[in-house]
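Everything numeric in this text was worked out from a predicted model, so none of it was measured. Values reported hereafter were calculated over all heavy atoms of this structure, with side chains retained and with hydrogens, waters and symmetry mates removed.
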Amino acid sequence: RIEAKVYAYNVLSVNSLRRNGFQQEGVLRQAKLYDGQRWDILVFSILEDEMAVQRREEEGVKAVTFSDVLKDPDNVELNFDYARTLVAQGDLKGASATLERMLLNNPELAQVRLFYAIVLYRLDSLDEAERELKSISGLPMPDSLRKEIQGYLDRISFRKKLTRFSASLSFGFAYDSNRNAAPRSGDVLFIDIPLEVSDNQREHSDKSFLSIGSLRVRHDLGYQEKHEVFAGLSFYRQDDLHLNDQSLQSYAFDAGGTYKSDWVNVTLQPTHTRIRLADQSYYEATGGRFRLDKKVDKSFEVYAEYGGVYENFRGITTSPTSVDRIGGRQDFRVGMNWTLMLTLQLNFEYDYIRKNTRESYVAYDGYQLQGNLTYLMDGGQFLLISASGERDVYDDADPFVSAMRRRDTIMRWRGTYGAPLGFFADLASGDAGTLPDYIADITFTGAVEWLDSASILPNYDYSNLRAQFLVTKRWDF
């Protein structure tokens, strides 16, 4: 048996309970004093067998269409369901117009006003969303709902700042089945003669500890179009448990700006990256990217990007020939983002890579196709799925390996699931607000990746299975 109590003036909640099979059991007359007036509290309940019947009925429920609304235009619940249907379809402006029309006819609909405020927030109409949220914050409501409203008000206050900072810290561990990228055949070519690899060059699995950090700042230049400048620092460290020569640290800095207009957004972003491998300075790259973003309609966006860096490799103990790879790298990328609904987005992109080097046998042309799916779920859960394929064709043969030019086909599949710790705690306890906020918003992510590099030369033919788990804390200020 589930029981619900609702104030008599909250017509939408009353109708929602009745529509979902709840039956009114009684009235607590004039039990609530609000704004100088006493209100009845209505008591509803539903039994387990009634819920089973309701679930069977809901299996046949369809989305509300505009034709349905035209048949009964004064039906508040029908209009509200239509607005929610539009939101599910990604039509936020249509939903906003429907909700605004409802509030013009009846401005006292608190539930509609709250939903309207959330839609305005998603449309980036922050002033209007803030006004609507403040107008209902004084109404009687559950503490959980009041907390949600305050959360939106806090986010609006943050987004209205001209200068915004964000920082994050992540810690976790990873497992690699072939950490040293050893050839799957167990053989390598030396001037076209197959040789069996030594024991320390064979496939080795390993575990590693991960630590990741970032600090970013964005400044709105104060224009109506919201042009902005930005800068960021990031740090990545992977400490392998056994293969110390694979441990690495990466440091990256970027800065730049975005010019925004109704036709296209233009971003220019200089970058600088350094990598240490096996506790030795290994790699340094300086360059940048130039990007154009065009929003075609409310659900479809296209972009084009050029990136160029000069890569400087240093010969280290475990890789003395790395200096042969010194040279420029250029990336030409085009892609699209398709928002099927507010909780589901697809991304596809094609990338052409040109790598120039000191020695031509490590210079190559690369062609990559990638697809990504992002799915958002209740409770802050999310699912990320990506798949990519890359074809690399090298300029010349390596005389110390083979007379054949190297050609690789690299396939990569990755799946990531994440959710706040508060979601897992509430799920286990069956109650909301189990953890304090500063712990509940820490995000757990788990990822599995399969990489398969198929090469005509056995030296570079390998595969690796990687599992990674992280907890991440983020601050916005």
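- Relative to the six-membered ring of Tyr303, Arg291 meets both conditions, a distance below 6.0 Å and an angle of at most 45° to the axis.
- Judged purely by distance below 3.5 Å, without hydrogens or angles, the side chains of Ser214 and Ser168 pair a donor atom with an acceptor atom.
- By the salt bridge (charged side-chain N to carboxylate O under 4.0 Å, His left out) test, Asp127 pairs with Lys160, sequence neighbours left out.
- Asp426 and Thr434 share a side-chain donor-acceptor pair at under 3.5 Å.
- Judged purely by distance below 3.5 Å, without hydrogens or angles, the side chains of Ser177 and Ser205 never pair a donor atom with an acceptor atom.
- Under a cutoff of 6.0 Å and an axis angle of 45°, Arg155 and Tyr152 form a cation-pi pair.
- A side-chain contact (heavy atoms from CB on, under 4.5 Å) with Phe230 is found for one member of Arg164, Gln269, His219 and no other, namely Gln269.
- Proximity of Phe382 to Tyr375: side-chain heavy atoms (C-beta onward) are nowhere separated by under 4.5 Å.
- Looking only at atom types and distance, the side chain of Asp154 has no donor-acceptor partner in the side chain of Ser157 under 3.5 Å away.
- In this model, a donor atom of one side chain and an acceptor atom of the other lie less than 3.5 Å apart for Asn372 and Gln370.
- Cation-pi check for Arg325 over Tyr283 is not met; the charged atom does not lie both under 6.0 angstrom from the ring centroid and within 45 degrees of its normal.
- Side-chain contact, Ser455 with Asp461: no donor N or O sits under 3.5 Å from an acceptor N or O.
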Name every donor-acceptor pair, under 3.5 Å, that has one atom in a side chain of residues 384-394 and the other anywhere in the protein, sequence neighbours excluded.
| from | atom 1 | to | atom 2 | distance (Å) |
| --- | --- | --- | --- | --- |
| Glu390 | OE1 | Gln368 | NE2 | 3.2 |
| Arg391 | NH1 | Thr409 | OG1 | 2.8 |

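- In this structure, the ring of Phe290 has its center no less than 6.0 angstrom from the ring center of Tyr306.
- In this structure the side chain of Glu130 never reaches within 4.5 angstrom of the side chain of Leu133, judged on heavy atoms.
- Ionic pairing of Asp220 and Arg218 is not present here: no N-O contact between side-chain nitrogen and carboxylate oxygen is shorter than 4.0 angstrom.
- Ring orientation note: the planes of Phe80 and Phe115 are nearly perpendicular, at an angle over 60° on the 30°/60° scale.
- The residues Arg216 and Asp254 are annotated as salt-bridged, a charged nitrogen and a carboxylate oxygen being separated by less than 4.0 angstrom.
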